[in-house]
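Take a look at the structure below.
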Amino acid sequence: MSAGASGPVAHALFDLRGQVALVTGAGSAGGIGYAAGALLAELGCRVALCATGPRIHTRAAELSARGFEARGYQGDLTDPHATTALVNAVLADFGRIDVLVNNAGMVQEGVAEGASGFLDMDLQAWRASLARNLDTCFLVTRSVLPGMLARGAGRIVNVSSVTGPLVSNPGESAYSAAKAGMVGMTRALALEVAEQGVTVNCVAPGWVATASQTPEEVQASAHTPMGRAGTPAEMAAAIAFLAMPGASYITGEMLVVDGGNILQERKG
């Protein structure tokens, strides 16, 4: 194959022009969701950003000011009716959703995740954490998936974590259960829709220097093999890769993005 012939093929594998992406949990300017939305826009997607608070409209305006087609949507994704209404609004504005990034969770605007020992956690706190971190993924996916199946194409990327599927911390039993549950749901759904042109994958970040990173997390980041936390942009790059046409034979996978931290037994 000549160099001239290989060029367009390689480009097509990494071409998102004309695609519509919905990214949840994108309200924070320093978060993974907004970084993912911005990168997908740069790669050619029309982007719908959503979050629980009004700052999502500021994020969308920032992308619009850069010349991208972006809109913000506000809603509580733990509420089935609100979720359906939000997805219907996106479909009314954009016509379809080709790429879904389920990033909502961990920190909700105005609601702290909080750590609690297992025996100190009441049922309400347990359910709230699962709702914020797992139900949101289920509810949004359930609303978006029928359109993808009808077109015979779609990319779903769930932002899980190394916490839960691979490691954990004291006081994070609910969060760990939710993120591990997200990986299990990803694998099961991937099998259900594989023959219909839809892929479902997870990105599992390690320590990330987001706006919500705590001083303890900053300290832990210094003990990774790379000696630092990852950036939201680095997480966004992994998300974007799984959304590409070239990732069409990857499904049901969990891509760990943690600077090699899982590999080392001693972490300082």
Side-chain angles (χ1 to χ4, degrees), residues 9-26 32-50 63 68-71 73 77 83 86-87 90-91 93-105 134 136-161 179 182-205 232-257:
V9 173
H11 183 270
L13 295 176
F14 295 92
D15 188 359
L16 290 176
R17 288 176 295 179
Q19 300 283 296
V20 176
L22 169 59
V23 183
T24 72
I32 294 172
Y34 181 58
L39 179 56
L40 291 170
E42 291 168 5
L43 293 170
C45 285
R46 296 183 290 154
V47 177
L49 306 175
C50 73
L63 292 184
F68 302 123
E69 185 175 349
R71 296 193 182 195
Y73 300 83
L77 299 181
T83 301
L86 188 148
V87 171
V90 174
L91 292 173
D93 290 337
F94 289 95
R96 68 182 194 276
I97 298 169
D98 303 292
V99 177
L100 169 61
V101 180
N102 282 307
N103 176 69
L134 183 56
T136 53
C137 181
F138 165 74
L139 291 171
V140 178
T141 301
R142 188 178 63 172
S143 294
V144 171
L145 185 59
M148 292 182 172
L149 295 177
R151 291 188 304 278
R155 296 283 183 272
I156 299 172
V157 184
N158 299 324
V159 181
S160 180
S161 175
K179 289 302 188 180
M182 183 184 288
V183 175
M185 186 182 75
T186 295
R187 290 170 177 162
L189 181 57
L191 293 175
E192 291 186 25
V193 300
E195 290 187 354
Q196 295 154 285
V198 178
T199 66
V200 192
N201 291 288
C202 274
V203 169
E234 288 170 324
M235 306 305 122
I239 292 168
F241 165 68
L242 291 172
M244 291 290 176
S248 57
Y249 204 57
I250 301 171
T251 196
E253 292 298 325
M254 180 178 68
L255 175 58
V256 174
V257 190

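The CD1 atom of I32 sits 6.5 Å away from the CD1 atom of I239 when rounded to the nearest 0.5 Å. Between atom CG of residue L49 and atom CG of residue L63 there is a gap of 5.5 Å, rounded to the nearest 0.5 Å. Interatomic distance, C137 SG to R142 CZ, rounded to the nearest 0.5 Å: 12.5 Å. Atom CD in E234 sits 12.0 Å away from atom CG in L39 (nearest 0.5 Å). Here H11 contributes atom NE2 and R17 contributes atom CZ; the two are 4.5 Å apart, rounded to the nearest 0.5 Å. Taken to the nearest 0.5 Å, the CZ atom of F138 stands 10.5 Å off from the OG1 atom of T83.
Considering every non-hydrogen atom in both R71 and F94, the closest pair reads CG-CZ, 4.0 Å. Scanning both residues, L77 and A104, for their nearest heavy atoms gives CD1-CB, 4.3 Å. When all heavy atoms of M148 and R155 are compared, the closest pair comes out as CE-O, 3.6 Å. For the residue pair V23 and A26, the shortest heavy atom distance occurs at O-CB, 4.0 Å. Of all non-hydrogen atoms in V257 and A238, the two that sit nearest each other are CG2-CB, 3.8 Å. Taking all atoms of both residues into account, the shortest heavy-atom contact from S160 to P205 is O-CD, 3.4 Å.
Using a distance-only test at 3.5 Å, with no hydrogens or angles considered, a donor-acceptor pair links the side chain of T24 to the main chain of N103. Between the side chain of K179 and the main chain of L134, no donor-acceptor pair closer than 3.5 Å is present.
Looking at L145 and I156, their side chains come closer than 4.5 Å, going by heavy atoms from C-beta outward. The shortest side-chain heavy-atom distance between R187 and L191 does not fall under the 4.5 Å cut-off. Annotation: side chain of F68 is not in contact with side chain of R46 (no heavy-atom distance under 4.5 Å). Residues L40 and L16 are in side-chain contact: their nearest non-hydrogen atoms beyond the backbone lie under 4.5 Å apart. Inter-residue side-chain proximity for L22 and C50 is flagged as met; some heavy-atom pair is nearer than 4.5 Å. Looking at L100 and V157, their side chains never come closer than 4.5 Å, going by heavy atoms from C-beta outward.
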Trace of the side chain to side chain contact (heavy atoms under 4.5 Å, CB included) decision for I97 with L91
CA-CA 7 Å; I97 298 169; L91 292 173; 3.8 Å; yes
Throw together a table of side-chain donor-acceptor distances under 3.5 angstrom for residues 193-203, partners on residues two or more places apart or in other chains.
residue	atom	partner	partner atom	Å
N201	OD1	G252	N	3.2
N201	OD1	E253	N	2.9
N201	ND2	I250	O	2.9

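A donor-acceptor contact under 3.5 angstrom links the side chains of T186 and N158, judged on distance only. A donor-acceptor contact closer than 3.5 angstrom links the side chains of T141 and N102.
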